[in-house]
Amino acid sequence: MSLAVARLDGLRVKQSRWAYWKTCILSVLILYLYATGFSTNCVLAQSSLQQTTEFSREVNQFRWRSETAWNAHLGQWTVGVSNRFISDAYIQFDQRLRFRDEDRLSFSAMRPLTRRFDATIRGGLDWFGSGRASSQSILFGTQFTPIARLQLETAAGIATDRRPGIVQNGQRMPLRVDTGPAAFVSTIFSPPEIQGYEISFQSKALWQYITPRRIGDLDFLGTVARTFGRARLETRARFSSRRRDTYQVASFLNRNQRRDPESIEATTSDTLNANFLVQAPLVNGFRVLAQADVQLNQRRVRSAKAPQESLIFETNFARQALTGEVTLLYNNDQVDAQLSAEYGAVNERRVLTNQEDLPASEISQKRTLLQQADYDEGVFALSGTLRGDLLPRLSVLFTGSSRIVRHDTPIVNLDDRDEIYHTGTLSFLHQRNRYLSIGLRLYGSYHHTVFLNAERSAENNIQRTLRLRPSMDWTPSSTSRIRLASEVRATYTTDDFPLPGRRSSDQSARELRLESEIDQRLFSDTDLRITASYSDLRLGRLIWDTFTEVPFDTLRTLSTWVRVQSGRQLRGELGWRVFIRSDFDRAVSIVYQLPTDNPMSTLRRITRPGKRWIIQSGPSGALYWTRGQTTLSLNVWANWQRLRYSLYGTLPTLNQDIILTTARKGTRRLIPLVSLSLLWKI
């Protein structure tokens, strides 16, 4: 634990330094605001503060999370600050703590200068503890509003970025700090309707020239919509471009190449998303809905300042996706129906771009490696939904779908396959009276996968599933509620054909599941809640021709949770939870000790098939408090877990009793779980 404590102390030092720099920058910002418009009599005209804090402890993980959002009108300034802090700590096998910390702060301020011009300040401070990386930026600019629905903003400032560089000669990884100018431009345009068309346009661009690297973000978003009586047309398009330069020690294709300390890998990604939607009424309650989606992505990876004697592999990635869907809808007082047809196509390609600078052997090897991830995929699907009231108290719901997928790959990739998938669900709900309702759900599915390459054709399989789920919801009084449900599931997976000389791998899975929930009001502010479930899952080797099976495992699970809740504004909960699971294990390892004076020299290990029980039990508690816009939530669990075994097969005669006793005794451990969250608004 001393190492863990030392690590926590180091974390506090890092966080204190980070908090110091954030405080300095925010202080400069506040002094600037004060010097340009504040007076000693300035008061807070309007302000809002929202703080969310969460802490959780699960098994081997600690997590802290904090989010702060503050908006205020200070004199003539409108200020907004948001901060998000996340810290994860993992307990490793050697009882050491491994931390992963992240803090992201952004702020903005705006003040009117004239009727059409405003002064703006925006910036951000990001810190990533595990990678020893951080970035800061601050920009000063103006916002121009030439007309009521047009807003233009330009800003310029400075940005700095710190992140690990490239290790040379076995030395410690260096930190590179790059600084340079930054610029920001944004546009918001939403004119009034033009001949009935609703139009809006937004764009923003951020560029950081932090020598020798570049960081760029570009976004364009436009929408057009119009209503024609009861019909409507909508079009939405978005284009974004991202560029990130990093000191890349090794990448996918350059793993074995020597890198120069100044080597930079630049990744540029351009994405276009477009959506087209039309909905229109037809006749007698029918409506049609048609939409199309287009997604295009181009990603380029380039390397700069690499040694001349090294081999650098530069690539282009292209992805195109198109989806079209037509839906016919119908509804009246008793029936709702929907029928949809969908078609989709996806294409991915990867290309080596600097082939003229590479040896022929390297070109062939890397090209094959890239082609293994290329594919073309086509999807056609039909789906439908029908809901109706057969009787005044009986409702029926049917949903079904059929989907065909064709996944084509180059010859170097053996994943070339076709798939067909059918599903159907039929549900009945009978409202017997205001106290009792009965439901019945029947579900079936059929999934067939066919690999087109001969090397993988033995993996062709068909999976069939059937589920039957009856349920009952009974509310005998306003203070009592009982819900019972059961489910029977059968899944059969069969190969298209067995290989000669190999046993068939057909399998069956049959499950019986029982569930119950009971809510009972004990006193005016006190409730009793009981939830329980039981599952019996049996796995077997299936003989499809005779529809018989040879069982090889049975997995049983029992879970119960009893809770008492009391209070209104401050509500507490106490309970007890039990979880028991048993299954078969082909290789149970038992470490036992022989009765001698030297315990270290008498440890023995034996492995046998056996049955395993996982038994967890322990108390649970919760506290919920609400006052105004402030909420507090605390959940605590303490699970004592025990693993015990029952061994099968022959055991050494001399140590048989010791082995069986050790297996029955098993192992014990305490698993604490804590979750705390606080939401505070002013």
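For the numbers below, each heavy atom of this structure counts, side chains included, while hydrogens, waters and symmetry mates do not. Please read these numbers as outputs of a predicted model, since none were measured by experiment.
Under 4.0 Å is where a charged nitrogen must lie from a carboxylate oxygen, and between E487 and R469 at least one such pair does. The pair K611-D583 does not meet the salt-bridge criterion, since no charged nitrogen lies less than 4.0 angstrom from a carboxylate oxygen. The pair E67-R84 fails the salt-bridge criterion, with no side-chain N (NZ, NE, NH1 or NH2) lying under 4.0 Å from an Asp/Glu carboxylate O. Remark: R63 does not engage E58 in a salt bridge, criterion side-chain N to carboxylate O under 4.0 Å. Using a cutoff of 4.0 Å between basic side-chain nitrogens and carboxylate oxygens, E234 and R236 are not scored as salt-bridged. Taking 4.0 Å as the cut-off between side-chain N and carboxylate O, D527 and R529 do not count as a salt-bridged pair. The pair R481-D473 meets the salt-bridge criterion, with a side-chain N (NZ, NE, NH1 or NH2) lying under 4.0 Å from an Asp/Glu carboxylate O. A salt bridge is absent between D519 and R521: the closest approach of a Lys/Arg side-chain nitrogen to an acidic carboxylate oxygen does not fall below 4.0 angstrom.
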### Task
Output, in order, the C-alpha distance, side-chain angles, deciding distance and verdict of side-chain hydrogen bond (donor to acceptor under 3.5 Å, both in side chains) for S533 and S559.
CA-CA 5 Å; S533 65; S559 179; 4.5 Å; no
### Evaluation steps, side-chain hydrogen bond (donor to acceptor under 3.5 Å, both in side chains), between H448 and D496
CA-CA 9 Å; H448 191 187; D496 280 1; 3.1 Å; yes
### Task
Assess whether side-chain contact (heavy atoms from CB on, under 4.5 Å) is satisfied between N639 and L673, documenting all intermediate values.
CA-CA 8 Å; N639 285 333; L673 299 99; 3.7 Å; yes
### Query
Which is it for W625 and L623 under the side-chain contact (heavy atoms from CB on, under 4.5 Å) test, yes or no, and what are the steps along the way?
CA-CA 7 Å; W625 177 63; L623 185 66; 5.5 Å; no
### Task
Evaluate the criterion side-chain hydrogen bond (donor to acceptor under 3.5 Å, both in side chains) for residue pair T493 and Q507; output intermediate values, then yes/no.
CA-CA 5 Å; T493 303; Q507 290 189 8; over 6 Å; no
### Task
Decide yes or no on side-chain hydrogen bond (donor to acceptor under 3.5 Å, both in side chains) for E419 and H447, but give the supporting numbers first.
CA-CA 7 Å; E419 297 181 52; H447 187 197; 3.0 Å; yes
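Between W544 and F547, the ring planes are perpendicular. Angles over 60° get that label, and only those under 30° would be called parallel. The aromatic rings of W640 and W576 lie parallel to each other, with less than 30° between the two planes, well short of the 60° mark. Y446 and H422 have parallel rings, their planes meeting at less than 30° on a 0 to 90° scale where 60° marks the start of perpendicular.
Remark: the backbone N or O of F451 is paired with a side-chain donor or acceptor of N460 at under 3.5 angstrom. At distances below 3.5 Å, not a single donor-acceptor pair connects side-chain atoms of E549 with backbone N or O atoms of P551.
Side-chain contact annotation: S401 with S383, donor-acceptor N/O pair under 3.5 Å absent. In summary, the side chains of D495 and N461 do not present any donor paired with an acceptor at a separation below 3.5 Å, with no hydrogens or angles considered. In this structure, a donor-acceptor pair under 3.5 Å is absent between the side chains of T423 and S445.
Nearest approach of T650 to R608, heavy atoms of both residues: O-NE, 2.9 Å.
Judged by a 6.0 Å distance limit and a 45° cone about the ring axis, R563 is positioned over the six-membered ring of W561. In this structure, R57 is positioned above the aromatic face of F62, its NZ or CZ under 6.0 Å from the six-membered ring centre and within 45° of the axis.
Shown here is R668, whose CZ atom has no more than 12 heavy atoms of other residues, nucleotides or ligands within 6.0 Å. The 12-atom threshold is not exceeded at CH2 of W680, counting heavy atoms of other residues, nucleotides or ligands nearer than 6.0 Å.
For an aromatic pair to be called close, the ring centres must be under 6.0 Å apart, and Y330 with F286 satisfies this.
With respect to S535, the side-chain hydrogen bond (donor to acceptor under 3.5 Å, both in side chains) criterion is satisfied by exactly one of E511, R581, E515: E511.
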